[in-house]
Amino acid sequence: MMNYGSMERRWQEEWEKAKIFEGDPNNKNAYMVTAAYPYVNSPQHIGHMRTFGTADVLARYKRMRGYNVLYPMAFHATGTPILAFAKRIKNKDPDLIKELKLFHIPDEDIAKMTDPLYLANYFAREIERGMHLAGFGIDWRRKFISIEPRYSKFIEWQFGILNAGKRLTQGSHPVGWCPNENNAVGMHDTKHDVEPEIDKETSIKFAVDGTDAFMLCTTYRPETIFGVTNLFVDVNAKYVLCEIGGERYYISKAAADNLKYQMKMEVLEEHDGKELLSRSAINPANGTKVPILPGYFVKEDIGTGVVMSVPAHAPFDYAALERLRASNYPIPEIRPIKVIDVEVGHSIGSKDAKPIFHPDIPALAYLEVLGTNVNSVDDALEFATKLEYREEAHSGRMIVPGYEGMSEPEAREKVRADLISAKKGFEIYVLTNSPVYCRCGFKVAVKLVENQWFLNYGDRAWKDAAKKAFVAMRILPEKSRKAFESALDWIDLRAVVRAQGLGTRFPLDNDKIIESLSDSTIYMALYTISHLIKELDPEKLKPEFFDYVFLSKGDISEVAKSTGIDYEIVKKAKDSFEYWYTYTSRHSGPDLIFNHLTMYAYNHVAIFPDKYWPKQIVVNGSVLSEGEKMSKSLGNIVPLIDAMQSHGVDPLRFVIIAGADLFSDSEFSYDAVNGVKERLEYLYNAVSGLESMGSEELKHIDYWLYSKLNRKIESVTESMELLELRAASTEMLYNSILELKKYFARGGNNGMVVKEYLSASALLLSPIAPHFAEELWHMLGNDNFASTERWPESDQSMISDKVESEEDLVDKVIADARQVSEMVKRKGGKEPAKLKFIVAQDWKRVLYNIVAQQKAPGKVIDWLKAGEIKEMEQYSGQVDIGTEIEYITGISKKRAELRPVALTHEEEMELLSEAGTYMAGVLGCEVSVESESESKSEKAKRALPGKPSIEAVF
RNA sequence: GCAGGGGUGGCAGAGCCUGGCCAAAUGCGACGGGCUUAGGACCCGUUUCCUUUGUGGAUGCGAGAGUUCAAAUCUCUCCCCCUGCACCA
């Protein structure tokens with residue numbers, strides 16, 4: 001049994017002693033691998049291993065390919081989450097403390113985590129320790145944290161350049177807002193960590209008949225305004241009359257409370273909802289007078305608390321009206337007005353639901369098609385609503401004059417624009433997932449922040465430059481390129497500062513902090529010099545220093561003089577940047593495509609000369625735990641360090657990093673880990689088996705193993721180049737085991753061959769399972785590091801299709817023999833004592849190959865009759881034409897699948913004879929091989945090339 | 001809604017770009033056998049259905065249609081699932 005723990009520690013120490021991750025500056029081929037730096041507000045779980053590990057595998061692979069590789073790491077602490085974390089500790093948040101306990105964090109450390117800096121440094125240390133134990137080849141001399149002074153100097157320099165390049169702009173912006181704390185709230189500031197989702201809705205002004213005030217309705221479907229028959233209010237709620245922008249509106253009191261953060265509003269009067277029922281309102285789209293009615297489903301805090309009723313197209317509206325009628329509420333005659341024509345139920349496609357074409361009242365038709373009615377529960381109405389909205393959006397056509405024939409989404413945009421430009425409506429922001437509560441307990445509202453600073457990612461020229469960078473960039477997996485393309489099209493203004501949080505102060509407004517994604521777009525460049533400026537007084541890190549190092553601006557002596565930094569350091573910094581930053585690979589998870597990774601490219605093109613633009617981006621999937629997404633609420637988070645201790649680092653690396661292809665999620669499961677362990681163990685044990693092996697002349701199976709090995713080297717190399725780690729790992733581990741097993745089963749026993757196979761395997765395994773690879777490498781008698789060895793080269797001359805296909809043939813024969821043997825046993829009740837393999841004659845091969853190529857048996861028969869097939873002449877005495885034709889007819893049915901065979905009769909005889917012992921062992925009975933021409937068996941003529949006839953003998 | 005990804009055998013998951021050697025790798029599970037005092041581990045075999053003294057056939061890769069001598073693979077339509085939609089790390 002292998003002891004993973006001691007093996008890992010041993011090699012980690014050895015690597016450290018040899019400083020193999022610090023690179024060789026004399027090597028001209030530099031390659032830098034960076035992974036999105038970890039946020040230091042949590043301990044690491046196994047999910048964190050994916051990105052860092054993938055980067056590590058690439059770094060290790062590139063080292064073996066002869067590059068001088070730099071894989072640095074730093075820590076992210078910018079923003080509010082750390083502050084929120086510290087606050088929760090102060091409040092003794094039981095959930096958080098429970099989570100920390102899961103990671104074995106001592107009470108005294110938890111107690112100190114009320115200090116944000118303490119907790120940031122604590123987790124930074126822990127994360128570093130975890131990465132170290134995971135065997136990541138990181139050059140830790142370069143680490144930094146995003147809230148230290150020299151980092152801020154760097155970011156200030158960056159924003160100086162962005163500002164000079166006119167990348168910044170100001171405007172207003174909606175954010176989730178806690179009125180109690182007077183602060184913007186993001187996901188980590190809310191109860192249950194929900195992100196406040198903000199969306200725009202159209203509010204439409206319905207004049208209250210006989211007054212100058214309006215009922216203000218919000219709707220997602222402004223195009224249905226032509227179908228409005230009435231308005232609904234919540235009779236149990238309070239409503240207010242308020243003044244917004246010089247006009248007066250009735251909205252619910254709850255809505256007023258929400259909306260006052262995004263518009264100037266004065267509340268004038270308060271009313272009961274009931275009072276509004278006596279009024280009627282004017283539809284601004286067509287001047288129709290509509291009554292105001294009680295709507296049982298209206299919620300005072302959604303939108304404005306006033307709903308426009310479109311019974312033809314909204315099941316809830318239809319149902320509410322019908323229920324009012326049934327309850328004898330005095331309502332006027334209301335006829336639903338259809339505005340969209342639709343085939344109701346066409347998308348359901350089930351046998352019990354028959355579509356209803358062109359109904360007069362689609363909303364009713366949807367209820368019918370779903371087998372429900374106006375009195376059903378809200379969930380059923382909700383379902384009908386969703387179906388109706390979907391189908392109408394998808395295939396509905398407007399029938400309203402002026403919008404006729406338009407699709408619904410098209411009409412929606414147009415109607416909205418028309419209403420707004422005619423001042424009959426305006427847009428408001430709503431929380432779509434309302435209610436969201438701040439951790440302090442208050443309900444989150446939407447606030448319009450004035451004078452917000454933005455980075456203008458919508459700028460045409462900038463966008464085009466970023467796109468250009470992507471065209472030249474390598475993206476792995478390539479299929480995520482499309483996501484980047486749409487991210488580039490979509491990205492626009494991005495708010496760049498926040499009122500609070502840790503981080504760098506915004507140079508243009510010192511009260512604000514640069515937001516955390518915006519201060520993390522070019523930090524990879526800092527790695528190239530961070531170890532050189534570590535000891536410097538941050539005040540010396542003036543813009544001219546960075547200008548010189550990164551942009552070659554200015555004169556080195558002057559820079560040294562004005563900053564007070566040693567000439568040598570400035571020079572080294574510049575050289576180091578230029579050396580490392582030319583070939584870079586950036587690693588991250590897919591969630592960062594739409595922000596960090598795109599901004600990363602944008603900022604590089606805005607700041608650096610194109611020589612230093614990103615060269616490669618690698619996006620990897622996440623990690624699932626036993627089939628489920630790891631989450632705090634599910635409680636299935638597996639702490640990284642625990643997992644490494646109990647399973648061993650390398651098996652874990654295999655499962656998490658290489659267990660799925662880049663794009664998909666990998667699955668952490670004990671079964672998978674054990675599977676890897678068993679296989680590593682097999683290789684480990686194979687080494688000790690070497691002693692007892694011989695070293696005779698190479699046999700067929702030795703050539704086979706060589707062929708497999710060299711093919712493997714080739715295919716693993718291809719996979720590694722594209723970071724197709726799943727494919728690489730299947731090939732290098734799983735298939736190696738199968739091949740070795742087969743080799744031994746086939747009587748392979750050549751120590752030299754197996755040793756070569758294992759040595760190459762050790763090297764191939766090294767990037768993914770570095771500790772194990774070193775162990776194996778040393779057991780095989782080497783005293784240097786597998787990690788610094790050259791990646792194996794495949795020897796093309798050892799790859800043989802012929803040898804491999806011969807082995808395949810043996811396997812197929814065995815499979816066929818099994819079937820025969822099975823069948824015989826079933827029929828006769830006893831197993832055959834012997835199986836006779838009868839090998840097809842050579843003339844059959846000639847015809848077989850012709851048919852396989854021509855795929856036209858008729859033609860071949862014609863040629864045969866006409867004596868046009870030269871190769872057949874030599875067999876003229878052996879076989880008559882009738883037999884030949886019968887044979888061709890026999891194989892003609894399968895002509896599409898026939899492949900030419902290479903083996904001659906004699907070779908096939910030899911192959912099967914040589915494999916005789918093996919087959920006998922596998923089949924559990926005697927076997928013999930004979931030639932078709934010499935066989936007396938009546939089955940003999942059934943023999944086909946590559947598919948001997950089989951006779952069971954008892 | 002928009003954008004991106006996906007739907008393959010009991011499960012997981014390859015294959016799809018570059019159509020044929022694909023009843024479909026590999027792993028797990030299940031079943032049978034070996035080993036074992038027994039279990040685990042390990043080894044061998046089976047694992048869509050039908051058929052057969054013979055190595056065969058049918059159906060089949062979300063649904064439907066099309067292209068082709070030939071489709072899991074190409075085209076179109078539809079259905080379903082996952083992720084993202086921002087100022088938040």
Side-chain angles (χ1 to χ4, degrees), chain A residues 36 39 41 76 78-82 173-176 184-189 195-199 220 346-350 389-390 393-394 408-409 412 449 452-455 457 478-480 482-487 489-498 501 515-518 520 590-596 621-622 627 629 659-661 663-665 667 669 671-672 674-676 678 682 726-727 730-731 734-735 738 741 745 805 808 812-813 815-824 826-828 855 893-899 921-922 924 939 942 944 947-952:
Chain A
Y39 200 83
N41 71 340
H76 195 195
T78 311
T80 50
I82 289 180
H173 190 77
V175 294
V185 288
M187 189 165 84
H188 44 263
D189 306 311
E195 177 77 43
E197 287 169 26
I198 297 168
D199 203 358
Y220 281 111
H346 70 268
S347 69
I348 313 177
S350 98
Y389 283 14
R390 188 171 72 225
H394 202 257
E408 205 197 10
R412 178 174 305 166
V449 178
Q452 171 65 286
W453 281 96
F454 298 95
L455 267 169
Y457 291 124
E478 175 62 29
K479 69 176 162 190
S480 52
K482 278 193 185 164
F484 280 105
E485 284 166 0
S486 39
D489 283 331
W490 162 88
I491 197 167
D492 198 7
L493 295 178
R494 161 130 203 144
V496 77
V497 296
R498 288 201 70 170
E515 170 273 326
S516 73
L517 286 182
S518 300
S520 302
D591 45 337
L592 296 186
I593 291 178
F594 278 80
N595 44 56
H596 167 71
S622 46
K629 206 180 168 91
D661 37 279
F663 206 77
S664 13
D665 295 340
E667 169 90 19
S669 77
D671 284 345
N674 287 332
V676 171
E678 280 159 21
Y682 183 91
R726 162 80 177 187
T730 320
E731 190 51 51
Y734 292 77
N735 288 352
L738 294 177
K741 282 185 182 172
S805 65
D808 290 346
K812 267 189 211 145
V813 169
D816 287 345
R818 268 203 183 105
Q819 264 196 50
V820 171
S821 167
E822 268 300 295
M823 183 188 58
V824 165
R826 228 178 307 144
K827 289 277 171 182
K855 311 269 182 219
K893 210 169 20 166
K894 306 208 73 182
R895 63 185 177 278
E897 293 136 49
L898 297 185
R899 295 282 163 272
V922 171
K939 314 242 175 255
R942 302 186 66 113
L944 294 176
K947 213 168 171 62
S949 175
I950 301 163
E951 186 186 16

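A, B, ... follow the sequence lines: proteins, then strands. Residue 1 opens every chain.
- Across all strands shown, the partner of B:rA30 is B:rU46, judged by Watson-Crick or G-U wobble contacts whose two distances both fall under 3.5 Å.
- Between the side chain of A:Asp665 and the backbone N or O of A:Gly621, no donor-acceptor pair lies under 3.5 Å.
- Taking atom OH of A:Tyr734 as the reference point, atom P of B:rC28 lies 8 Å away to the nearest angstrom.
- Taking the P atoms as reference points, B:rC81 lies 14 Å from B:rU8, given to the whole Å.
- Within the nucleic acid shown, A:Asp489 has no heavy atom closer than 4.0 Å to any nucleic acid atom.
- Of the candidates B:rA86, B:rU55, B:rA89, B:rU55 carries the atom nearest the A:Asp816 side chain, counting heavy atoms from C-beta on.
- In this structure, A:His76 contributes its side chain and A:Ala36 its backbone to no donor-acceptor pair below 3.5 Å.
- The CG atom of A:Asp591 sits 11 Å away from the C1' atom of B:rC88 (whole-angstrom rounding).
- With both ends at atom C1', the span from B:rA86 to B:rU75 equals 37 Å, rounded to whole Å.
- Nucleotides B:rA71 and B:rG66 are separated by 11 Å at their C1' atoms, to the nearest Å.
- Looking at A:Ile82 and A:Tyr39, their side chains come closer than 4.5 Å, going by heavy atoms from C-beta outward.
- Counting any heavy atom pair closer than 4.0 Å across all strands shown, A:His173 reaches a base atom.
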Open item on the list: Return a single string for nucleotides 2-9 of chain B, one symbol per nucleotide in 5' to 3' order, where B is base contact, S is sugar-phosphate-only contact and - is none, cutoff 4.0 angstrom on heavy atoms.
Closed with: -SSSS---
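- In this entry the distance linking CG of A:Leu738 with C1' of B:rC43 reads 14 Å, nearest Å.
- Distance, A:Phe484 CZ to B:rU83 P: 19 Å, rounded to whole Å.
- A:Arg726 has no side-chain polar atom (N or O) that falls below the 4.0 Å cut-off from OP1 or OP2 of B:rA14.
- Pair check for B:rA14 finds none; no Watson-Crick or G-U wobble contact set falls under 3.5 Å.
- Looking at the side chain of A:Asp661, the nearest of the listed nucleotides B:rA14, B:rU55, B:rC42 is B:rA14.
- When the C1' atom of B:rA89 is taken as reference, atom CD of A:Glu515 falls 9 Å away, rounded to whole Å.
- Comparing B:rU68 with B:rG56, their C1' atoms sit 26 Å apart, to the nearest whole Å.
- Atom CG of A:Leu517 is separated from atom P of B:rC87 by 11 Å (rounded to the nearest Å).
- Nucleotides B:rA23 and B:rC49 are separated by 11 Å at their C1' atoms, to the nearest Å.
- Contact record, A:Ser486 with A:Phe594: OG-CZ, 4.1 Å, taken as the closest heavy-atom pair.
- At distances below 3.5 Å, at least one donor-acceptor pair connects side-chain atoms of A:Arg726 with backbone N or O atoms of A:Gly659.
- Using a 4.0 Å heavy-atom criterion, one finds that A:Ser520 contacts no nucleic acid atom at all.
- Comparing the C1' positions of B:rC16 and B:rG33 gives an interatomic distance of 38 Å, to the nearest angstrom.
- Using modelled atom types, one side-chain atom of A:Ser669 and one backbone atom of A:Ala672 make a donor-acceptor pair closer than 3.5 Å.
- Between the P atoms of B:rG57 and B:rU51, the separation comes to 16 Å (whole Å).
- Looking at A:Tyr734, its side chain never comes within 3.5 Å of a backbone N or O of A:Val676 through a donor-acceptor pair.
- OP1 or OP2 of B:rA14 has not a single side-chain nitrogen or oxygen of A:Thr730 nearer than 4.0 Å.
- The side chain of A:Asp671 lies closest to B:rC28 when the candidates are B:rG27, B:rA86, B:rC28.
- In this structure, A:Asn595 atom CG and B:rA89 atom C1' are separated by 9 Å, rounded to whole Å.
- A:Glu951 comes within 4.0 angstrom of a nucleotide base, judged by non-hydrogen atoms across all strands.
- In the set B:rC88, B:rA89, B:rA41, the nucleotide with an atom closest to the side chain of A:Glu678 is B:rA41.
- Counting to the nearest Å, the P atom of B:rC87 and the CD atom of A:Gln452 are 10 Å from each other.
- Partner assigned to B:rU68 is none, using Watson-Crick or G-U wobble distances below 3.5 angstrom.
- B:rG20 and B:rC31 have their P atoms separated by 36 Å, with the value rounded to a whole Å.
- Using a 4.0 Å heavy-atom cutoff across all strands shown, A:Leu493 reaches at least one base atom of the nucleic acid.
- A sub-4.0 Å separation between OP1 or OP2 of B:rA89 and a side-chain N or O of A:Arg498 is present.
- Nucleic acid contact class of A:Pro948 (heavy atoms, under 4.0 Å, all strands): base.
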